[in-house]
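Notes follow once the structure below has been shown.
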There are 2 protein chains.
Amino acid sequence: MHTKNINTHLTEIKDYFKAAISVDCVIFGFDENELKVLLIESDLKEYKGKWSLLGDIVHPDEDIESAAYRVLRERTGLEDVFMEQVQAFGGLNRHPAGRVVTIAYYSLVNIQHVELKTLQNELHWHAVKDIRQMAFDHKDILATCYQRLQHKVIDQPVGFNLLPKKFSLRDLQNLYEAILDVKLDRRNFRKKFFAMDYLVDLNEEEQDVRHRPARLYKFNQDKYDLQHKKSLGF
Amino acid sequence: MHTKNINTHLTEIKDYFKAAISVDCVIFGFDENELKVLLIESDLKEYKGKWSLLGDIVHPDEDIESAAYRVLRERTGLEDVFMEQVQAFGGLNRHPAGRVVTIAYYSLVNIQHVELKTLQNELHWHAVKDIRQMAFDHKDILATCYQRLQHKVIDQPVGFNLLPKKFSLRDLQNLYEAILDVKLDRRNFRKKFFAMDYLVDLNEEEQDVRHRPARLYKFNQDKYDLQHKKSLGF
DNA sequence: ACAAAAGTGTTGGCCTTACACCCATGC
DNA sequence: GCATGGGTGTAAGGCCAACACTTTTGT
């Protein structure tokens, strides 16, 4: 039996250096109590009018993670935001131009900080729950990344990345309810977060609300980094 | 500002079809109460004598998942076993032959069913906890896949894939203790698994043990598939 | 009879859930 | 003063962790 292994035999490999690697970024934001994702209109004739994720080919001298950060930076102006690889998508005919294997990342951004780098208004935030059709296999990619996010926020306090620096507990709860698509009990939610001790009371209040203003908090990243990272368990 | 997007602009792509895609399989087995992984000796001069994962280039007409299954089949003779993609590894100089982005998979196999397809005895099962050095970035890949496995067995009953069809509760506990690297309470462990109702009592006993023989069970996959897949929570 | 591992229940503490009233502010 | 959402505590039940003795088999 003849078996090959790229890790032991090199001679036949040269013929195979013909694929392209891309990254696709699922950029999540939170606005108007909805989870949003940043999409771009596709110009490709095959997908005319459909929305697609932000992505690009990985350059020859570029790490895949760097490529993902580059895409993010070029489109949103943001750096140093939360980003995580999800997985590769490598179906045979997923891209009309040829064999393109894409690596999917998702990132969590404060939607207020984003300055869209747009040419003809072709970039838009879409409510995740309203998205029906997308170009390529991007609906799959989005769904997989969204699932990953849902698991992640249960496990670790990453949701803060989607909020402004100062936020109320109501904001935080709205965020979790939007991501997980559940209703949560207000008192128990507060208890849980105060018990975790990651919130810093800023002794400030909301402005311009026409009811009793809520206290504002910020997230204490350092405290979280120190402690054993235990599950939030919703 | 000029930004590119593979999902909207195609003209410049051709130049980039020069990378290679590979898959690397972390094939886990369980034997002598230890978690093992199947490795092959590297022939590459750069990694002479080091052990590496089983991997291969993804063929042009081949899905990445199919490629992973092919590697598994060619080396172990197995098909239809548990396998899951973990993530891509795309560091710049991870392969001496050029730009090779690899997609890592792990699979769980019954080590008794494996017939190693070996040419010069270059394939071996290694205890995961004893592995020190590996070729390429394979130690990273293994570590990432092992972590994923640890989370997975807590979440879903996939451990059965590593055991023979018939097993005792002691076998099952040994497996979980090996994977999670913890000691578990025997009574609570039994309670938990009986409560989940995934085990079928075969009304058989161990043979050839020099103490009281344990009852044998099998896993009821169908029952699991039907129920809501709830966490095992160790 | 002895060695070795299998098998079996109960209790206490903790964590989770469910639930209702008063408070501060803007209009 | 009224409408709106903010803020707070407690009790009951379920879940998990800790723990020791008896049973079965081989030698």
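Convention: sequence-line order gives letters A, B, ...; per-chain numbering from 1. As the structure is a computational prediction, the values presented were derived from the model and not from experiment.
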* Asked: B/Glu205 or B/Asn188: which one's nearest nucleotide on DNA chain D is closer to the 5' end?
  -> B/Asn188

* How about B/His211: does its NE2 atom have over 12 heavy atoms from other parts shown lying under 6.0 Å from it? -> yes

* Asked: Is the count of non-hydrogen atoms from other residues, nucleotides or ligands lying under 6.0 Å from A/Lys192 atom NZ greater than 12?
  -> yes

* To do: Starting at atom CZ of A/Phe234, determine the distance to atom C1' of C/dC15, rounded to an integer number of angstrom.
  => 15 Å

* Are A/Phe136 and A/Tyr47 near enough that their ring centres are under 6.0 Å apart? -> yes

* To do: Specify the separation, in whole Å, of atom CG of A/Asp201 and atom P of D/dT8.
  => 10 Å

* What does A/Lys191 touch in the nucleic acid at a heavy-atom separation under 4.0 angstrom: a base, only the sugar-phosphate, or nothing? -> base

* Quickly work out the A/Glu206 CD to C/dG26 P distance and round it to whole Å. => 11 Å

* So what does A/Arg190 hit on the nucleic acid, given a heavy-atom distance under 4.0 Å: a base, only sugar-phosphate, or nothing? -> base

* Using atom CE of A/Met196 as one end and atom P of C/dC15 as the other, report the distance to the nearest whole Å. => 14 Å

* Structure fact -> Rounded to whole Å, CG of B/Leu216 lies from C1' of C/dG7 at a distance of 14 Å

* To do: Indicate, with a heavy-atom threshold strictly under 4.0 Å, whether A/Arg186 touches base, sugar-phosphate, or nothing.
  => base

* Could you state the atom-to-atom distance from CZ of A/Phe193 to C1' of C/dT16 in whole Å? => 15 Å

* Grab the CG-P distance between A/Asn33 and D/dG5 for me, whole Å please. => 11 Å

* **Ring center gap for A/Tyr176 and A/Phe234 short of 6.0 angstrom** => yes

* To do: Kindly determine whether A/His138 and A/Trp51 satisfy ring-ring contact (aromatic ring centres under 6.0 Å, His included), including the steps that lead there.
  => CA-CA 9 Å; A/His138 287 190; A/Trp51 295 91; over 10 Å; no

* What's the CD-C1' distance between A/Gln207 and C/dG26, to the nearest Å? -> 13 Å

* How would you label the contact of A/Arg187 with the nucleic acid (heavy atoms, under 4.0 Å): base, sugar-phosphate, or nothing? -> base

* When you get a sec, tell me which of D/dG7, D/dG26, D/dG6 is the closest nucleotide to the side chain of B/Arg210? => D/dG26

